[in-house]
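Below is one structure, written out as structure tokens, with a few remarks after it.
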Amino acid sequence: QVQLVESGGGLVQAGGSLRLSCAASGRTFSNYAMAWFRRAPGKEREFVAAISSGGEIIYYTDSVKGRFTISRDNAKNTVYLQMSSLKPEDTAVYYCASRTIFQATLRADRYDYWGQGTQVTVSS
């Protein structure tokens, strides 16, 4: 069983930055691919970024490329999402997700564990 706890969300003005963190329980975090998804009001959940267990493979959705950076610290069992140049359309609840294998994927149905989410609100 893996438990994921997100933090770092909040209210920020357009153009600002936030860093989300996701702390994972369990001794085998370093074996698991991780990802961030988000759900905006009235919209379906969408993929944001994913990282393989060792950090070698990273994926981003097109709308955040060049603005968001996913990273992980396996010694701390934590994955991060550094968000810069934030836009009002980035407003959403952001969820951390974990697989139980090393390979990252964009598909939400391939992730086995999910956090409770953290709200990010970007004002114009």
Side-chain angles (χ1 to χ4, degrees):
Q1 190 76 4
V2 175
Q3 291 186 327
L4 305 173
V5 179
E6 301 99 333
S7 61
L11 173 64
V12 64
Q13 289 188 335
S17 299
L18 282 175
R19 188 176 80 157
L20 305 184
S21 299
C22 173
S25 65
R27 295 174 294 173
T28 54
F29 174 81
S30 61
N31 294 339
Y32 298 162
M34 303 292 295
W36 290 94
F37 291 79
R38 66 186 180 187
R39 187 190 299 271
K43 295 186 178 181
E44 294 187 354
R45 180 178 56 189
E46 67 169 342
F47 169 79
V48 176
I51 186 168
S52 61
S53 60
E56 303 91 349
I57 306 297
I58 289 176
Y59 301 114
Y60 295 103
T61 192
D62 286 345
S63 63
V64 308
K65 285 180 180 177
R67 300 189 300 121
F68 291 10
T69 302
I70 188 171
S71 62
R72 64 189 298 158
D73 185 339
N74 286 343
K76 295 182 178 180
N77 281 16
T78 302
V79 64
Y80 304 98
L81 186 68
Q82 178 67 49
M83 305 185 295
S84 302
S85 301
L86 283 162
K87 304 175 181 179
E89 51 263 44
D90 295 318
T91 294
V93 178
Y94 283 72
Y95 298 92
C96 173
S98 171
R99 301 194 76 185
T100 53
I101 63 172
F102 69 95
Q103 188 175 17
T105 177
L106 283 65
R107 292 182 54 171
D109 63 346
R110 300 296 176 90
Y111 287 85
D112 304 289
Y113 299 100
W114 294 81
Q116 82 289 349
T118 186
Q119 177 71 47
V120 172
T121 303
V122 184
S123 63
S124 57

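Since we're looking at a predicted model, the values are computed, not measured.
Heavy-atom minimum distance, F29 versus R72: O-NH2, 2.9 Å. Shortest non-hydrogen contact noted between Q116 and V5 is OE1-CA, 3.8 Å. Considering all non-hydrogen atoms of both residues, Y60 and A49 come closest at CD2-CB, 3.6 Å. Heavy atoms only, all atoms of each residue included: I70 and I51 are closest at CD1-CG2, 3.7 Å. The two atoms that bring V12 and L18 nearest to each other are CG1-CD1, 4.0 Å, heavy atoms only. When all heavy atoms of Y94 and E6 are compared, the closest pair comes out as O-OE2, 4.0 Å.
Under the 3.5 Å distance criterion, the side-chain polar atoms of R67 are matched with a main-chain donor or acceptor of S85. Here the side chain of N74 pairs a donor or acceptor atom with the backbone of S53 at under 3.5 angstrom. Side-chain N or O atoms of R99 include none that pairs as donor or acceptor with a backbone N or O of A104 at under 3.5 Å. Without hydrogens or angle criteria, Y80 side chain to T69 main chain gives no donor-acceptor distance under 3.5 Å. Side chain of S124 to backbone of P88: no donor-acceptor contact under 3.5 angstrom is found.
Ion pairing between K65 and D62 holds under the 4.0 Å rule for side-chain N and carboxylate O.
Going from atom OG of S63 over to atom NZ of K87 covers 8.0 Å, rounded to the nearest 0.5 Å.
Sorted by first and then second residue, the pairs that involve residues 83-114 and meet disulfide (SG to SG under 2.5 Å), not counting sequence neighbours, are C22-C96.
By the rule that hydrophobic residues join a cluster once side-chain heavy atoms approach within less than 4.5 Å of another member, Y111 and L81 end up as members of separate clusters. Cluster annotation: M34 and F102 are assigned to distinct hydrophobic clusters (Ile/Leu/Val/Met/Phe/Trp/Tyr, side-chain heavy-atom contacts under 4.5 Å, transitive). The hydrophobic clustering, which links ILVMFWY residues whose side-chain heavy atoms are closer than 4.5 Å, places Y95 and L20 apart. In the hydrophobic clustering of ILVMFWY residues, with side-chain heavy atoms under 4.5 Å counting as a link, V64 and L106 come out apart. Both W36 and V120 belong to a common hydrophobic cluster when Ile, Leu, Val, Met, Phe, Trp and Tyr are linked at side-chain heavy-atom distances under 4.5 angstrom.
F37 and W114 have tilted rings, their planes meeting at an angle from 30° to 60° on a 0 to 90° scale.
Heavy atoms of other residues, nucleotides or ligands lying less than 6.0 angstrom from CD of E46 number more than 12.
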message: With side chain to side chain contact (heavy atoms under 4.5 Å, CB included) as the criterion, how do D90 and M83 come out once you've worked through the C-alpha distance, each side chain's angles and the decisive distance to 0.1 Å?
response: CA-CA 9 Å; D90 295 318; M83 305 185 295; over 6 Å; no

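Partners of T121 according to the side chain to side chain contact (heavy atoms under 4.5 Å, CB included) rule, which considers only residues two or more places apart in sequence or in another chain, are L11, T91, Q119.
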